[in-house]
Amino acid sequence: MRLGIVGAGNIAAVMADTVRRMQAAGNMRVTLKGIASRSLEKAERFAAEYEAEKAYGSYEAMMADEDIDFVYIAVPHSHHYETARLALEHGKHVLCEKAFTGNAGQAKALFDLAAKKDLLITEAIWTRYMPSRRLIRMLVESEAIGHVHTVIANLGYPIDHKDRIRLPELCGGALLDLGIYPLNFAEMILGRPDRAQAVCLKNAEGVDIRDQYTLFYDQTGCMAILCADAGSVCDRSGLIFGSQGYIRIENINNPEKIEIYDMQHVLMRTVSCPPNLTGYEYELIETVEAIKAGQRECHSMPHAETLHMMELMDEIRSQMGVVYPDDHLWK
Ligand SMILES: NC(=O)c1ccc[n+]([C@@H]2O[C@H](COP(=O)([O-])OP(=O)(O)OC[C@H]3O[C@@H](n4cnc5c(N)ncnc54)[C@H](OP(=O)(O)O)[C@@H]3O)[C@@H](O)[C@H]2O)c1
């Protein structure tokens, strides 16, 4: 299938490299047909570097091209809604970076439009599509550590100087960029919480930079304690505590190693995660297979899950007092 990438930034380059590596490994499911940038010169540089056939000097120009089957949206969160809407209105299937949109109202509007146009749209949250997700679930379900009660996870990188993190008008903050990963990690193990509590420290522009979220599972007596920090190097660990031991995951953002400890804190087993090309190939392959099969969402990240995550993040933002300029339009 012919892919077009929207926005010639950091993650766009990783996705273009993923396509190249897939092809080098003999997986020809996807070809990088085009790259769209607000600057034609930038698009042409990107196309030359990543062997894209076409370069477009506007997002609209790529959407109008019949040679593109589906688009990967790699622009700041603030621009996901408008860009995905443009793609759907031009008949393109959509793989849209996380956070899916700036708020739940926008996500719902995109799902409604995709249904009306009979097109696939899905959230590119890579951890949901990775094989390590099933590995961790199987370990939890096998009761290797007994009954699970508590999940603790963190993610952070020193990126708070970047405009897309720093500014409310780009839907900045730690939550939508980083916090979404520990939240998804907790929900992959414990499911949806009954309630959430969140606190944060903000930057001068009023967005959250250092966050803590607690998810409560009143029905099952479970809890998740999660942290996101846009100013620090965090260890990215995920811990799952059970009645008979605990599991430690190295790097919840791209799991590398899973360790299982017993009641005496003795390491019982180490499970290595399957090697990746970049880790982004899984979402790409599932998207293409789903489109070919005529599905309108991906099994690994159904629309209901994306919408729930956006609603949870709206609630967390409201508790933290973080407001984006467009929020009032989507109430
Ligand atoms: N899945 C992951 O692991 C992962 C990792 C990093 C980021 N992301 C997500 O990917 C998206 C992009 O992140 P990134 O790190 O690639 O960002 P980035 O390097 O800053 O690039 C974003 C691109 O968006 C375009 N853009 C459109 N409107 C813009 C505006 N008003 N201000 C700035 N840029 C604008 C620009 O492309 P043109 O100038 O070419 O038009 C820019 O190069 C975000 O949603 C982020 O959460 C995901």
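- The CD atom of E289 lies 9.5 Å from the CD atom of Q295; values are rounded to the nearest 0.5 Å.
- Here D112 pairs with K108 in a salt bridge; the nearest charged N to carboxylate O distance falls below 4.0 Å.
- The shortest side-chain heavy-atom distance between H90 and L86 falls under the 4.5 Å cut-off.
- Not one N or O on the side chain of S37 forms a donor-acceptor pair closer than 3.5 Å with the backbone of L40.
- Across R2, K292, R29, a single residue satisfies salt bridge (charged side-chain N to carboxylate O under 4.0 Å, His left out) together with D69, and that is R2.
- In this structure, the side chain of S58 engages the main chain of A61 through a donor-acceptor pair within 3.5 Å.
- In summary, D17 and R21 engage in a salt bridge, as defined by a charged side-chain N under 4.0 Å from a carboxylate O.
- Residues T101 and H77 form no side-chain contact, since every pair of their non-hydrogen atoms from C-beta on lies 4.5 Å or further apart.
- When each of I121, L88, V94 is checked for a side chain to side chain contact (heavy atoms under 4.5 Å, CB included) with L113, only L88 meets the rule.
- At a threshold of 4.0 Å, the pair E259-K257 counts as salt-bridged, since one of the basic side-chain nitrogens sits closer than that to a carboxylate oxygen.
- Of all heavy-atom pairs between A174 and D211, the closest is CB-OD2, 3.7 Å.
- Less than 6.0 angstrom separates the ring centroid of H265 from the ring centroid of Y246.
- Exactly one residue among W330, F100, Y324 makes a ring pair (Phe, Tyr, Trp, His ring centres under 6.0 Å) with Y81. That residue is W330.
- When all heavy atoms of E97 and A74 are compared, the closest pair comes out as CG-CA, 4.4 Å.
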Candidate pair Y50 and F46, rule ring pair (Phe, Tyr, Trp, His ring centres under 6.0 Å), full reasoning: CA-CA 6 Å; Y50 293 100; F46 190 103; 4.7 Å; yes
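- Atom SG of C298 is separated from atom CD of E286 by 4.5 Å, given to the nearest 0.5 angstrom.
- Looking only at atom types and distance, the side chain of N276 has a donor-acceptor partner in the side chain of Y282 under 3.5 Å away.
- Transitive grouping of hydrophobic side chains (ILVMFWY, heavy atoms separated by less than 4.5 Å) brings W126 and L135 into a common cluster.
- Taking both residues in full, the closest heavy atoms of Q219 and D194 are given as N-OD2, 3.3 Å, listed atom of the first, atom of the second, then distance.
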I'd like to know whether L139 forms a side-chain contact (heavy atoms from CB on, under 4.5 Å) with R269, so could you lay out the CA-CA distance, the side-chain angles of the two residues, the decisive distance to 0.1 Å, and finally the verdict. CA-CA 11 Å; L139 287 169; R269 236 173 104 196; 3.9 Å; yes
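- By the neighbour-count criterion of 12 heavy atoms within 6.0 Å, atom CD of E66 is sparsely surrounded, having that number or fewer from other residues, nucleotides or ligands.
- Under 3.5 Å, the side chains of R128 and N184 contain a donor-acceptor pair of N or O atoms.
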Can you list the steps and then say if K54 with D67 is a salt bridge (Lys or Arg N to Asp or Glu O under 4.0 Å)? CA-CA 10 Å; K54 297 189 180 186; D67 284 351; 2.9 Å; yes
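- If you take OG1 on T214 and CD1 on I152, they are separated by 10.0 Å, rounding to the nearest 0.5 Å.
- A salt bridge is absent between E49 and R45: the closest approach of a Lys/Arg side-chain nitrogen to an acidic carboxylate oxygen does not fall below 4.0 angstrom.
- Closest approach of P193 and L215 over heavy atoms only: CB-CB, 3.8 Å.
- Side chains of Y157 and N253: a donor on one and an acceptor on the other come within 3.5 Å.
- In summary, the side chains of T18 and T278 do present a donor paired with an acceptor at a separation below 3.5 Å, with no hydrogens or angles considered.
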Audit row: H303, F111, ring pair (Phe, Tyr, Trp, His ring centres under 6.0 Å) steps and yes/no: CA-CA 7 Å; H303 291 172; F111 292 142; 4.0 Å; yes
Pair I68, M62 - check side-chain contact (heavy atoms from CB on, under 4.5 Å), show working. CA-CA 8 Å; I68 301 287; M62 190 173 80; 3.9 Å; yes
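- Using a 4.5 Å heavy-atom threshold, the side chains of E297 and L120 count as separate.
- Residues H80 and S78 have side chains not in contact (no heavy-atom distance under 4.5 Å, counting atoms from C-beta outward).
- In this structure, the separation between SG on C234 and CZ on R210 is 8.5 Å, given to the nearest 0.5 Å.
- Salt bridge E305/R192: present, at least one basic N to carboxylate O contact under 4.0 Å.
- Of all heavy-atom pairs spanning E205 and L167, the tightest one is CG-CD2, 4.1 Å.
- In this structure, the side chains of E82 and R85 come closer than 4.5 Å at one or more pairs of heavy atoms.
- Between D177 and K98 there is a salt bridge, since a side-chain N of the basic residue sits under 4.0 Å from a carboxylate O of the acidic one.
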Start with the C-alpha gap between Y72 and T287, add the side-chain angles, then the distance that decides, and say whether side-chain contact (heavy atoms from CB on, under 4.5 Å) holds. CA-CA 10 Å; Y72 168 62; T287 299; over 6 Å; no
Would D208 and R317 count as a salt bridge (Lys or Arg N to Asp or Glu O under 4.0 Å) if you check the C-alpha gap in whole Å, the side-chain angles of each, and the deciding distance to 0.1 Å? CA-CA 9 Å; D208 55 302; R317 269 203 303 125; over 6 Å; no
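- At a threshold of 4.0 Å, the pair R20-E51 counts as salt-bridged, since one of the basic side-chain nitrogens sits closer than that to a carboxylate oxygen.
- Side-chain N/O atoms of D229 and N154 include no donor and acceptor closer than 3.5 Å.
- Among all heavy-atom pairs drawn from V30 and V19, the shortest one is O-CG1, 3.7 Å.
- Side-chain atoms of E41 never come within 3.5 Å of backbone atoms of G57 as a donor-acceptor pair (strictly under, hydrogens ignored).
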Please determine whether side-chain contact (heavy atoms from CB on, under 4.5 Å) holds for the pair Y280 and I11, giving the CA-CA distance in whole Å, both sets of side-chain angles, and the decisive distance to 0.1 Å. CA-CA 10 Å; Y280 296 90; I11 199 68; 3.4 Å; yes
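- A heavy-atom distance below 4.5 Å is not found between the side chains of M22 and M28.
- A distance of 13.0 Å separates NZ of K162 from CG of L170, quoted to the nearest 0.5 Å.
- Note that CZ of R164 and CZ of R166 are 13.0 Å apart. Values are rounded to the nearest 0.5 Å.
- R195 and D218 are joined by a salt bridge, as a carboxylate oxygen and a charged side-chain nitrogen come within less than 4.0 angstrom of each other.
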